[in-house]
Amino acid sequence: MGKKKPTSTYDLRSNSEQEERHTMSVIVDNEPGVLARVIGLFAGRGYNIDSLTVSEVEHEKQLSRITIVTYGSPTVIDQIKMQLERLVPVHRVADLTAEFGELGAIERELAIIKVAGKGNQRLEALRLAEAFQAITIDATLESFIFQITGRTREIDRFISLMSHVGLVEVSRTGVAALKRGAEGL
Amino acid sequence: MQDKISGAEMIIKAIADQGIDSVFGYPGGAVLPIYDAIFQQEEVKHILVRHEQGAGHAAEGYARSTGKTGVLIVTSGPGATNTVTALTDALLDSIPIVCISGQVPTHLIGSDAFQEADTVGITRACTKHNWLVKNIEDLPRIMHEAFYVAKSGRPGPVLVDVPKDIQFALGDYQNLNKIKHKTYNPILNPDEIQIKRAIDLLLNAKKPIVYSGGGVINSGKIASDYLTKFINKTNYPITSTLMGLGAYPASEKNWLGMLGMHGTYEANMAMHDCDVMLCVGARFDDRITGKIDEFSPNSQKIHIDIDPTSINKNIKVEVPIIGDCGKTLKKLLDLLPDNIEKIQKPFTDWWDEIESWRKIDCLKYKKNADVIMPQLAVERLYEITKNYDTYITTEVGQHQMWAAQFYKFEKPNRWMTSGGLGTMGYGLPAANGVQVAHPKSLVIDIAGDASILMNIQELSTAVQYRLNTKVFILNNSYMGMVRQWQQLLHGNRLSESYSESLPDFIKLADAYGATGIRVKSPKDLDDTIIQMIETPGPVIVDCQVASSTNCFPMIPSGRAHNDMLLGEDVPDEVVANAISDDGKVMV
């Protein structure tokens, strides 16, 4: 017996299983409480949520699309997908990462970022924004708000640079994702 | 076109259209229109319980013993919150029940009105699905959808929250029983390729075993018949979970007894040493597997389950088969070669090995001429009641395990117990539910002295409806299983596990208008049991048993199947050191 305290002897997750980041699309009936069911499932079973985006996508059919970025061992990721499929108002769950690979799905996120500063700091912020193709959507004599769209990693990088030139606060939409090619889900 | 009817009437009509003859419930302000509708019809009988939790367990007993869906009706606020334990119990044991809860009128929702609670919010985590009805037009659809969701796929509890104004509102009712659901359509028919892979594995097995569970019971009696046929054809040894008892007759020679924490030595050893395991409708619960990474290390596993999330959740399996147990077993039987006894590898050595484990006689216990051993009490109860049309329920604890070990179940739907959630107080209301569904049968709640007090008020329900529910208390004046764990884990410091000030169960029965019988001596045991059966109406037997007896065999938490504590001669220091420090964090 090793020294390591097990969280549970019944714990399945062996150390050999690497955690993976997966993006899932969940098509649900847009009815009251549906988001609570999805989030409750993650909270209740101890799954992780990195990002969550939800909005109605087909008004006529009252369908919403929930995009969830999660991470876990392959076993846990499989469980998450099957647990989501089991919810009554869920039409379809697609694990974009598993089904189409890192390159098979497009992921985009939008962030708006407020920076405040004077003089050179201000110039530097503008130059960086230009380099990242961020748009200036608000400006005062002491501040800017930039809007940037892109992959999560690019936005992370932009924000981390902004922290050196007067970052005040950030608001992000979370990830929206679609598979590439002609077909839908 | 029919005349418009009220929401309250629709609810009762939908229940009747679903073929449910009895419901359990408790009235209150927010369900008065429904109770008014109940009063004015005769199709659905209402059983008044004494606490809403009791209504939930009674509905479970009704469902489990009939294969139908159980229904309960409760008021808003406390009525609804009192059902949470029963709903969770049904969720973990996959029992189909529909809970109709009243709610404050729609315009008051969110205003902290009297007896308002966020019932759909509270019960979201303990139901398969729930609905808040906001328009009368939706009510007929939601009612039938509720029954559909409760019963299909892996069964479970659902809740429909109906505001009082919706109960009064008028609308058109339609019987929407047979409509295909737009999203929830579980897979029932298994993939044939997977079945063929399973057969390939089975035909080459040298040490096969079948491990069945509650899924076989839920799939209906036909599934149990197919399971028995399958065993007869293959001659495999078979064990079962607590929830699956009765799916295969316990008197048959291939039966190894229950497996798991308090399962038999032969069942657990066979599970540990097998080379091919066929799991039918069970879910590799921690009470079954013991230590995960030492669970049946050399076997290839086939897992039949209707719920895809059960597959690979705790134990990785080689051949998953998603489907209904009955349909899958039928397909398996169809595809099994006719001359299987010639094709399959002989496994006489395996049976010899199993016989050697059986010889240990792991359930043996010290006989005592002066004190009733709890095991003896259940053994005698079985011997005397086996030729009756008997249904057994239990509470939770040592008595439950003794019942599972010593009462032999020959048929499905005869055994009602709280397995997954382990709800003390389940047995008496569940027995009432069973008795309502089977008025002429013998229904016995095997109880403990602590558990029975958790829902003792339901004795009043039994008296009111002249139910013949029998309560057989194995009274040892302790919360026996708690004490057993304190002896194993906590240096015999028996913190709060002694039942101080137990009531006089004879006077208690008398106070409720039932009959109480006390028995203290083994020589009076049989007569008492016979007297219990022959006395009409509800009866409590206070069977005073040896107080310090513990429940063995046992796999201490954190240990593997082949590492069991056996019964009678366990020295104190073995008990004290049975669980390692790592094991102590486990439940």
Side-chain angles (χ1 to χ4, degrees), chain A residues 1-17 26-47 58 60-64 66 72-93 95 185, chain B residues 118 120-121 124-132 134 138 145-146 148-149 152-154 156 158 161 181-187 284-295 306-316 320 322 556-560 579-587:
Chain A
M1 292 290 279
K3 282 264 149 53
K4 185 178 67 82
K5 276 259 157 128
T7 47
S8 162
T9 306
Y10 310 121
D11 204 345
L12 167 75
R13 277 148 267 184
S14 60
N15 298 331
S16 60
E17 281 200 326
V26 190
I27 308 295
V28 298
D29 281 330
N30 184 16
E31 62 179 32
V34 65
L35 184 60
R37 286 179 209 284
V38 171
I39 295 171
L41 173 68
F42 276 73
R45 293 188 183 266
Y47 305 146
E58 285 188 60
E60 228 90 296
K61 293 188 198 160
Q62 297 213 313
L63 291 181
S64 285
I66 300 176
S73 67
T75 318
V76 170
I77 297 286
D78 281 352
Q79 272 290 312
I80 292 173
K81 178 164 186 277
M82 288 187 292
Q83 291 284 0
L84 284 168
E85 281 169 341
R86 201 165 73 145
L87 296 177
V88 170
V90 167
H91 287 255
R92 164 120 165 78
V93 184
D95 180 342
L185 283 186
Chain B
D118 175 10
V120 286
R124 200 174 280 131
C126 61
T127 53
K128 260 183 95 172
H129 195 62
N130 58 17
W131 295 261
L132 170 63
K134 285 188 164 165
D138 297 332
E145 193 180 342
Y148 168 78
V149 171
S152 42
R154 179 177 177 177
V158 299
D161 202 26
H181 197 271
K182 62 178 173 173
T183 51
Y184 188 71
N185 294 295
I187 299 166
F284 297 97
D285 171 81
D286 60 63
R287 283 297 183 271
I288 293 304
T289 60
K291 194 173 184 187
I292 284 280
D293 42 9
E294 288 173 38
F295 173 73
I306 201 163
D307 177 7
T309 68
S310 287
I311 309 256
N312 290 337
K313 180 174 65 183
N314 300 330
I315 296 287
K316 293 248 169 147
I322 295 166
S557 55
R559 298 278 194 89
I579 297 180
S580 67
D581 286 347
D582 284 350
K584 284 181 185 174
V585 299
M586 246 65 60
V587 286

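In what follows, every chain begins at residue 1, and chains take the letters A, B, ... in the order their sequences are listed.
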inquiry  = Go through it in stages, so that I can follow the logic: the residues are A/Met82 and B/Lys313, the test is side-chain contact (heavy atoms from CB on, under 4.5 Å), and I'd like the CA-CA distance, side-chain angles, deciding distance and then a yes or no.
reply    = CA-CA 10 Å; A/Met82 288 187 292; B/Lys313 180 174 65 183; over 6 Å; no

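For A/Lys81, the side-chain contact (heavy atoms from CB on, under 4.5 Å) partners at least two apart in sequence or on another chain are A/Met24, A/Glu85, A/Val93, A/Asp95, A/Glu99. Residues forming a side chain to side chain donor-acceptor pair (under 3.5 Å) with B/Tyr184 (at least two apart in sequence, or on another chain): B/Lys128. Listed by chain and number, the residues in a side-chain contact (heavy atoms from CB on, under 4.5 Å) with B/Ile288 are B/Tyr211, B/Thr241, B/Leu259, B/Asp285 (sequence neighbours excluded).
Only the backbone of B/Ile311 comes within less than 4.5 Å of a heavy atom of chain A; no side-chain atom from C-beta onward does. Residue A/Asp78 does not touch chain B at all, counting heavy-atom pairs closer than 4.5 Å. In this structure, the portions of B/Asn130 lying under 4.5 Å from any heavy atom of chain A include both its backbone and its side chain. For a residue to count as touching a neighbouring chain, one of its non-hydrogen atoms must lie under 4.5 Å from one of that chain's; by this rule A/Val88 touches chain B with backbone and side chain alike.
Judged by distance alone, the side chain of B/Thr183 and the main-chain N or O of A/His91 form no donor-acceptor pair under 3.5 Å.
Surrounding CD1 of B/Ile187 are at most 12 heavy atoms belonging to other residues, nucleotides or ligands under 6.0 Å away.
For residues 30-41 of chain A, a heavy-atom distance under 4.5 Å to chain B picks out A/Glu31, A/Gly33, A/Ala36, A/Arg37, given by residue number.
Note that the OG1 atom of B/Thr309 and the CG atom of A/Leu84 stand 11.0 Å from one another [nearest 0.5 Å].
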